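A short worksheet on the structure shown next.
Predicted model only: the values in this text are computed from it and were never measured.
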Amino acid sequence: MEAFQLLSRGGARFHKQRFKSDVQLFTHAVTKPEKSVNAPVNQDSTLPPELDFFKYAQGGRAKRKAGNTDPSSSSAPSRPDVRSKRRKTNHETEDFDGNEDDGDDAPEGDALRERVRVTAKGSNVPPPIEVFDDLLDRFKIPHRLMSNLMDNHYKYPTGRRDLAAISPTGTGKTLSYLFPIMSLLGAPISSLKGTEGSGVRAILLAPTRELAHQIYNECLKLAVRRKWRVVLYSKATASTLRDKNARDKVDIVISTPLRLVASIQEGNLDLNNVRHLVLDEADRLLDSEFLAQVQEVISACTHPEIQKAVFSATLPAGAEQLAMGILRNPIRIVVGLKDTPLPLISQTVTYVADDASKLPSLLTYFAQPYNPPLLIFTSTQPRATSLAEELTLNGIANVDCLHAGMTKKERDDAVSRMRRGESWVMVSTEVMARGMDFKGVREVINYDFPTSVQSYIHRIGRTGRAGRDGKAVTYFTDEDAPYLKSIANVLLQSGSSVPDWILKLPKPSKLKKKQMGKIKRAETVNAARKIGRNDAIKKR
DNA sequence: AAAAAAC
């Protein structure tokens with residue numbers, strides 16, 4: 001399977017004239033690299049602003065610890081300061097390796113990858129493309145697909161290669177797998193007269209219904225004016241596909257894992273013709289609650305030529321190991337730095353003492369002018385519901401709520417209101433944390449402290465998308481103290497500043513964390529007793 | 001370390 005790389009995607013507005021001049025600039029910079037060596041020009045200035053996801057990176061990137069766990073850095077003889085690496089050209093890097101070449105023999109694409117901070121590993125990694133037109137030269141891209149892409153205002157390709165792709169939030173991962181898949185499938189199965197077997201050829205998995213739906217919408221945009229059958233898998237669509245003839249006309253299925261597993265077990269779905277399997281938000285799909293389901297889907301995909309790909313902005317070591325076990329001879333691509341948010345997002349943390357002080361703080365915030373729409377995260381469903389009610393009672397306009405305890409219709413309606421710009425304040429749980437792309441969101445508030453670094457990175461990644469900047473505020477209480485430092489490190493790595501005293505916090509020992517847990521539990525039990533909820537105690 | 005999400 002031919003693999004290729006996309007480099008970056010632009011936002012919603014598209015001016016053909018501007019696009020042209022940007023492309024010329026871009027190409028110029030690549031064909032004459034020696035100029036950029038001598039000239040003290042920041043190479044990044046040749047990037048169109050939408051593409052420069054790291055434009056505010058100066059401060060923070062250098063602070064990343066030398067001993068970071070990113071394996072992509074291990075090939076360097078010593079770890080140079082990130083800031084100087086950023087200005088370093090391909091030539092300089094080679095001198096560093098003792099290579100006397102003037103760079104002309106460097107593997108094609110290395111300079112480009114360096115400039116856009118993409119690292120690629122694996123055998124026979126094809127050179128990246130830098131504009132979509134390069135695809136036409138190197139691959140057989142159906143014309144309709146290409147023109148549908150242009151009609152949808154995609155400006156630049158983004159980092160992608162089949163198999164393991166790690167790229168920050170809002171950098172265009174969805175397109176980077178949809179486009180190659182649709183291109184490689186070539187034509188809808190209904191027009192192929194059996195040459196490609198029968199049955200669905202691509203499965204896209206996502207951890208939430210909302211995300212699956214969003215991927216579906218993106219997919220439909222690329223399928224305009226072609227007879228693709230793209231199915232957003234649900235109870236309803238599953239039942240229309242009980243008939244094998246109907247099933248054989250389907251090209252792409254987008255689903256959450258459990259829905260798919262249910263159909264497989266009922267014998268109402270066969271995945272033996274699947275050529276492309278994508279795990280979006282892979283680390284989430286590979287964590288313990290989803291793992292068995294995902295493995296069942298994978299083992300149902302029996303076609304020998306299947307290409308599997310995992311995508312996420314975060315991939316902790318455990319998840320990566322699982323992923324590597326699933327993938328065959330994978331290429332691993334990292335855009336920017338793994339497990340690090342974009343410097344486009346300016347992050348702050350706010351001390352609020354205890355839970356009771358959170359609402360007053362938030363209301364103070366709302367007393368000042370703010371930039372809707374706003375996304376607020378809470379730790380539980382009831383807290384999301386009650387905070388939304390509380391805000392409405394306090395006169396905040398157009399407050400909405402979304403969590404998985406609501407009905408499908410309620411959830412769908414909430415997302416549509418958000419998409420139409422009718423929600424100004426959306427209070428939500430982890431459901432909204434990953435993948436969701438609401439273009440206008442300029443600010444995220446973590447009302448409740450996130451339960452992991454990954455959760456933090458994904459939550460704040462709802463803003464700062466497609467090259468726009470964003471703001472993220474995180475409330476923390478005394479109880480959150482043991483986890484504060486790990487989040488503070490994330491802020492530092494991505495260019496936001498952190499008060500000194502937080503950095504001086506001792507690294508919490510496992511014992512201390514345990515004690516905090518016990519205190520928390522005791523408090524909860526006491527609170528439950530007070531309101532006579534003994535059932536709540538038993539549950540725990 | 002822990003809630004949420006998946007049917």
B/dA4 P sits how many Å from A/Tyr456 OH, rounded? 21 Å
Taking only Lys NZ, Arg NE, NH1 and NH2, and the carboxylate oxygens of Asp or Glu, determine whether A/Lys439 and A/Asp437 approach each other closer than 4.0 Å. yes
In residues 289-302 of chain A, which residues come under 4.0 Å of DNA chain B by heavy atom? A/Glu289, A/Phe290, A/Gln293
Report yes or no: is there a donor-acceptor pair, N or O only, under 3.5 Å between the side chain of A/Arg284 and the base of B/dA4? yes
Return no unless some side-chain N or O of A/Ser452 is found under 4.0 Å from OP1 or OP2 of B/dA2. no
Checking A/Glu296 now: which residues fulfil salt bridge (charged side-chain N to carboxylate O under 4.0 Å, His left out) with it, not counting sequence neighbours? none
What is the nucleic acid contact for A/Ser455, judged by heavy atoms within less than 4.0 Å: base, sugar-phosphate only, or nothing? nothing
Write down the distance between CG (A/Asp287) and C1' (B/dA4), rounded to a whole number of angstrom. 10 Å
Here the residues of residues 378-389 of chain A within 4.0 Å heavy-atom distance, strictly under, of DNA chain B are A/Ser379, A/Thr380, A/Gln381
Gap between atoms CG and C1', on A/Leu211 and B/dA6 respectively (whole Å): 13 Å
Rounded to whole angstroms, how far apart are CG on A/Asp448 and C1' on B/dA4? 13 Å
Looking at residues at least two apart in the chain, or sitting in another chain, which of them share a ring pair (Phe, Tyr, Trp, His ring centres under 6.0 Å) with A/Tyr365? none
For A/Asp412, is there an ion pair with A/Lys409 - N to carboxylate O distance below 4.0 angstrom? no
Any side-chain N or O of A/Arg209 under 4.0 Å from OP1/OP2 of B/dC7? yes
Determine the contact category for A/Arg411: base if any of its heavy atoms lies under 4.0 Å from a base atom, sugar-phosphate if only primed atoms, P, OP1 or OP2 are that close, otherwise nothing. sugar-phosphate
Taken to the nearest whole Å, CG/A/Leu286 to P/B/dA4 is 22 Å
Evaluate A/Asp280 against A/Lys173 for salt bridge (Lys or Arg N to Asp or Glu O under 4.0 Å), listing each step before the verdict. CA-CA 9 Å; A/Asp280 203 344; A/Lys173 288 188 286 295; over 6 Å; no
Roughly how many Å is it from NZ in A/Lys408 to P in B/dC7, rounded to a whole number? 9 Å
Pairs flagged by ring pair (Phe, Tyr, Trp, His ring centres under 6.0 Å) wherever residues 317-352 of chain A is involved - sequence neighbours left out: A/Tyr351-A/Phe476
Consider only side-chain N and O atoms of A/Thr463 and A/Glu443, and report whether a donor and an acceptor are under 3.5 Å apart. no
Would you check if the distance from the ring center of A/Tyr475 to the ring center of A/Phe449 is below 6.0 Å? no
Measure the distance from NE2 on A/His403 to C1' on B/dA4 and round it to the nearest whole Å. 11 Å
Just to be sure I understand the rule, does A/Pro207 reach a base, reach only the sugar-phosphate, or reach nothing, if contact means heavy atoms closer than 4.0 Å? sugar-phosphate
Using whole Å, report how far CE of A/Met406 lies from P of B/dA6. 12 Å
Sequence-distant partners of A/Asp400, side-chain contact (heavy atoms from CB on, under 4.5 Å), two or more places apart: A/Ala414, A/Arg417, A/Ser423, A/Met426
